Amino acid sequence: MGQTVFAGKKIVIGVCGSIAAFKVAGWVSELAKEEAMVSVVMTASATEFVTPLTFAALSGNNVHTGMFGTGKEDVMTHISIGRDADVILIAPATANVIARLANGMADDLLTTTILATRAQVLVCPAMNSRMYAHPATRRNLQTLKDLGYGIIDPESGMMACKEEGDGRLAEWDTVKEHLAKSITPQALQGHKVLVTAGPTREPLDPARFLSNRSSGKMGYALARSAFRRGAEVILVSGPTALPCPPGVTRVNVQTAEEMYEAVLTHAGACSVIVKAAAVADYRPEELHEHKVKKENIDVNLLLAKNPDILLELGKRKKTGQLLIGFAAESRNLAEEGLKKLRKKNLDLIAVNDIGGDNTGFEGESNQVLLVSSSGTEILPHTSKLHTADLLWERITSLLMQSPQKA
Ligand code: PMT
């Protein structure tokens, strides 16, 4: 299902002495499944919570614990581990290791490895909420930020010490996105992008509406992929069952008219707009305040036309702004795509076959035909996230060609 961003990447995970270390074992397992090359470095106190054998089994690699190994090749472990890393993640990061890193100490394998690396270092604090709130801890975390460390803030909630509050280790879905971002070229750094996703719902009465089969997966994958590339992402979303991708700002809408308002509010500030939402072209002409009794339903339902958001965006497109549409077709994909590209003043359109086998609506994968004024390109049938990655790569090269805003 398409190559993942972690495949072949060297990820070092520094584990410190906190009960949250058991959660990080699951993270190591996830990364190994995505074909990352994971090396685990454990502090002495970490081994009190989870055995090195556990991390060795999950990562498929030796675990480093002592400052100096047994064999001659181990003498420079602290140099070699950090030198080859694509990224280093310290999780859970205790108040103690945060304090030692803030002061540039190098008195064990983990802190020495950190001082010796050029890779980006991400830190996931996890501790009792009073320790997390202590001025010394706040000062040390600020020092790490000033030194260029990435801090992934802890969550609030119930902790192992049976207390509620800030200090709970961040969730894997959040950490995973920051890890992915740290190993992805930040081609969209400094760009604000707008993505639309999901269906719209056009109400008939309090109980009934017109809608379509869009799950939002394609649009959410585009938003997730754009965040990983360094963009500031606004996701205007119809009703879906999906959580908002970490780092993305979501604006929830129901109807096409609400989506129209939300999109036009944000579009002017965005350098790229990608319209993956399945916007209803029509709505019931009359919206009933009360549920229409079945015997009173007029089977010849009168419909009113919704605004064509993409067409309006095409009219308002600014110099240097890129407008990308999607097209849900079941035949003549290239011709239909080219028609929409021209009619709506698009820079690129992704045409997907909604009648295809596991493409288009609802599924985990897609296959899109890209149509632009310079020709067409068929992308592989792959996951929607990989499709999104490939689409952003092409959008990024268009961005580099497009005249910058005046
Ligand atoms: O959400 P998933 O389940 O993952 O499914 C993904 C998808 C199939 C919904 C997606 O890949 C897709 O094809 N989205 C566009 C669906 C659609 O509305 O296609 P269309 O050919 O009807 O519209 C063409 C373009 O005009 C789209 O960019 C659409 O956002 C836009 N549009 C359409 C109608 C309207 N009133 N305003 C619009 O802006």
Side-chain angles (χ1 to χ4, degrees), residues 1 194-202 210-225 235-242 245 250 253-264 266-267 272-283 303-317 322-372 379 381-388 390-391 395:
M1 187 63 88
L194 173 62
V195 175
T196 68
T200 62
R201 284 183 177 171
E202 311 301 328
L210 295 179
S211 189
N212 58 64
R213 292 168 47 215
S214 172
S215 64
K217 288 174 186 171
M218 188 68 246
Y220 278 56
L222 284 158
R224 186 182 291 268
S225 178
L235 173 64
V236 177
S237 175
T240 73
L242 303 176
R250 180 166 67 178
V253 297
Q254 293 282 326
T255 67
E257 288 175 315
E258 288 172 7
M259 187 172 275
Y260 178 86
E261 291 307 322
V263 166
L264 293 184
H266 293 282
V272 185
I273 301 161
V274 186
K275 293 278 282 92
V279 186
D281 287 318
Y282 294 91
R283 64 182 184 277
L303 299 177
K305 193 154 176 47
N306 277 327
D308 186 331
I309 305 168
L310 193 56
L311 187 67
E312 185 60 29
L313 287 169
K315 290 176 187 162
R316 300 180 182 208
K317 193 166 72 173
L322 291 183
L323 185 56
I324 290 91
F326 268 73
E329 304 295 343
S330 51
R331 57 184 176 181
N332 307 327
L333 273 61
E335 296 81 358
E336 292 303 321
L338 191 56
K339 249 193 276 181
K340 284 179 176 165
L341 181 90
R342 288 175 174 156
K343 180 183 174 203
K344 303 190 180 189
N345 189 22
L346 306 181
D347 297 284
L348 185 67
I349 190 163
V351 193
N352 45 191
D353 181 350
I354 53 172
D357 181 24
N358 207 4
T359 61
F361 290 115
E362 295 174 301
E364 297 305 321
S365 65
N366 205 357
Q367 179 162 31
V368 300
L369 169 71
L370 296 182
V371 179
S372 69
L379 295 186
H381 186 189
T382 183
S383 71
K384 285 183 173 173
L385 184 56
H386 192 214
T387 298
L390 295 172
L391 189 47
I395 294 170

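Indexing begins at 1, ligand by ligand and atom by atom, following the structure's order. Since we're looking at a predicted model, the values are computed, not measured.
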message: With no hydrogens and no angle check, just 3.5 Å: does a side-chain donor-acceptor pair link N352 and T359?
response: no
query: Between K217 and E362, is the closest basic N to carboxylate O distance under 4.0 Å?
result: no
field: Donor on one side chain, acceptor on other, Y260 and T255, under 3.5 Å
entry: no
query: Is any side-chain heavy atom of L194 less than 4.5 Å from a side-chain heavy atom of V272?
result: no
query: Is the shortest distance from a Lys or Arg side-chain nitrogen in R331 or D353 to a carboxylate oxygen in the other one below 4.0 Å?
result: no
- prompt: Under a 4.0 Å heavy-atom cut-off, what residues line ligand 1?
  reply: S214, S215, G216, K217, M218, K275, A276, A277, A278, V279, A280, D281, P307, D308, I309, L310, G325, F326, A327, A328, K340, K344, N352, G360, F361, E362, N366, K384
message: Test of understanding: with salt bridge (charged side-chain N to carboxylate O under 4.0 Å, His left out), list the residues that count as partners of K339, not counting sequence neighbours.
response: E336
